[in-house]
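Numbers here are sequence positions counted from 1.
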Amino acid sequence: MNLKGMIIDLDGTLLDSMRYWDTVGADFLRNQNVVPPDSLNDIIKEMSFEESAQYFIDEFGLHFSVTDVIHEINKMVDDAYRHTIQLKPDAEGALKKMKARGMKLCIATVTNHQLAELALTRLGVMDYFEFIITCGEVGQSKNEPDIYNKAAQLFGLKSADIGVIEDALYCMKTAKNSGFYVIGMYDESSQLDTEVIIKTCDQYVTSFKELEGLL
């Protein structure tokens, strides 16, 4: 991997946090006296935060603004980001090796910027990253390449010189189709897609220890 930069997803990739997101949408709806559909996570998993919020409002007739929905859901996960969520095993060692090789690093995430920064600061790894960029800030989900292209622009690098580490198949497809070198990272939340992920990405790893050995 002769890469000059690395765009790293947050939840399910760098942070072991997907279990907090698996139930938050349904819990939010129950708090509004709405019975969530069994397929809720499948419906919203490829949406940005803003798109999910609009779906909740339109589909269930909630008297909220998009901002209100996002605020309520962020409140529900706030404590976990401040106090509980941990890095994936061996993540810091891989970050340290990437920085030692002179790579520029950033976070590209669906998650609220402040929550992401709080967690990374608490875990002692914020200084490894040039910046955090979110889907909300670019106005598109990861079904569109905007977040990756914006990160490349901020790095001052071409997509071909940048790796993208993601755990979700749809994100990998977007980054791959946009000319980035894609590294698939195992997470339990995406294990049903593993066969297709391996075929889609340039490199597939099951851990940051494995990734560090390839750097």
Mind checking who shares a hydrophobic cluster with Leu192, ILVMFWY linked at side-chain heavy-atom distances under 4.5 Å?
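Taking Ile, Leu, Val, Met, Phe, Trp and Tyr as members, Leu192 stands alone, with no cluster partners.
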Under 4.5 Å side-chain linkage, directly or through intermediates, the cluster mates of Ile198:
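Listed partners: Leu169, Met172, Val182, Tyr186, Val196, Ile197, Tyr204.
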When rounded to the nearest 0.5 angstrom, what is the spacing between [atom1] in [X] and [atom2] in [Y]?
X	Y	atom1	atom2	answer
Ile8	Leu15	CD1	CG	10.5 Å
Ser190	Lys45	OG	NZ	7.5 Å
Ser65	Ile57	OG	CD1	6.5 Å
Asn31	Asn33	CG	CG	8.5 Å
Met6	Cys106	CE	SG	10.5 Å
Leu10	Glu117	CG	CD	11.5 Å

Would you call the rings of Phe131 and Phe155 parallel, tilted or perpendicular, taking 30° and 60° as the class edges?
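Ring orientation of Phe131 relative to Phe155: tilted.
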If Ile, Leu, Val, Met, Phe, Trp and Tyr residues are connected whenever their side-chain heavy atoms lie under 4.5 Å apart, and connections chain through other members, are [X] and [Y] in the same group?
X	Y	result
Met18	Ile44	no
Tyr20	Leu118	yes
Phe56	Met47	yes
Ile183	Val164	no
Leu87	Met103	yes

Determine yes or no for a side-chain-to-main-chain donor-acceptor pair under 3.5 angstrom, with [X] supplying the side chain and [Y] the backbone.
X	Y	result
Gln153	Lys150	no
Arg30	Val35	no
Ser39	Asp42	no
Lys142	Cys135	no
Gln86	Thr84	yes

Around atom [atom1] of [X], are there more than 12 heavy atoms of other residues, nucleotides or ligands at under 6.0 Å?
X	atom1	answer
Lys4	NZ	no
Lys99	NZ	yes
Lys173	NZ	no
Asp38	CG	no
Gln114	CD	no
Glu188	CD	no

Is there a side chain to side chain contact (heavy atoms under 4.5 Å, CB included) between Val69 and Glu72 once you walk through the steps?
CA-CA 5 Å; Val69 173; Glu72 289 301 313; 5.9 Å; no
Between [X] and [Y], what is the shortest heavy-atom contact and its length?
X	Y	result
Ala53	Ile70	CB-CG1, 4.1 Å
Ile147	Thr109	CD1-N, 3.8 Å
Ile7	Ala108	CG2-CB, 3.5 Å
Asn112	Leu115	OD1-N, 3.0 Å
Gly25	Leu40	C-CD2, 3.7 Å

Should Arg19 and Asp22 count as an ion pair when the cut-off is N to O under 4.0 Å?
no
Under a 3.5 Å threshold, yes or no: a donor from one side chain and an acceptor from the other, between [X] and [Y]?
X	Y	value
Tyr148	Glu166	yes
Asp187	Gln191	no
Tyr170	Asp193	no

Check step by step if side chain to side chain contact (heavy atoms under 4.5 Å, CB included) holds for Tyr81 and Asp11.
CA-CA 11 Å; Tyr81 279 84; Asp11 297 292; 2.5 Å; yes
Min side-chain heavy-atom separation [X]-[Y] under 4.5 Å:
X	Y	value
Lys88	Leu14	no
Thr134	Glu137	yes
Asp16	Ile85	no
Leu105	Glu130	no
Tyr181	Lys176	no
Thr174	Glu144	no
Ile132	Met126	yes

What's the verdict on side chain to side chain contact (heavy atoms under 4.5 Å, CB included) for Ile162 and Leu3, showing C-alpha distance, side-chain angles and the deciding distance?
CA-CA 6 Å; Ile162 302 171; Leu3 301 171; 6.0 Å; no
Can you confirm if the aromatic rings of Trp21 and Phe28 lie within a centre distance of less than 6.0 Å?
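When the ring centroids of Phe28 and Trp21 are compared, they turn out to be at least 6.0 Å apart.
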Donor-acceptor contacts, no H, no angles, side chain residues 208-215, under 3.5 Å, sequence neighbours left out:
from, atom 1, to, atom 2, distance (Å)
Glu210, OE1, Thr206, N, 2.9
Glu210, OE1, Thr206, OG1, 2.7

Please lay out, stage by stage, how Asp167 and Asp9 fare under the test side chain to side chain contact (heavy atoms under 4.5 Å, CB included).
CA-CA 8 Å; Asp167 67 300; Asp9 172 56; 2.9 Å; yes
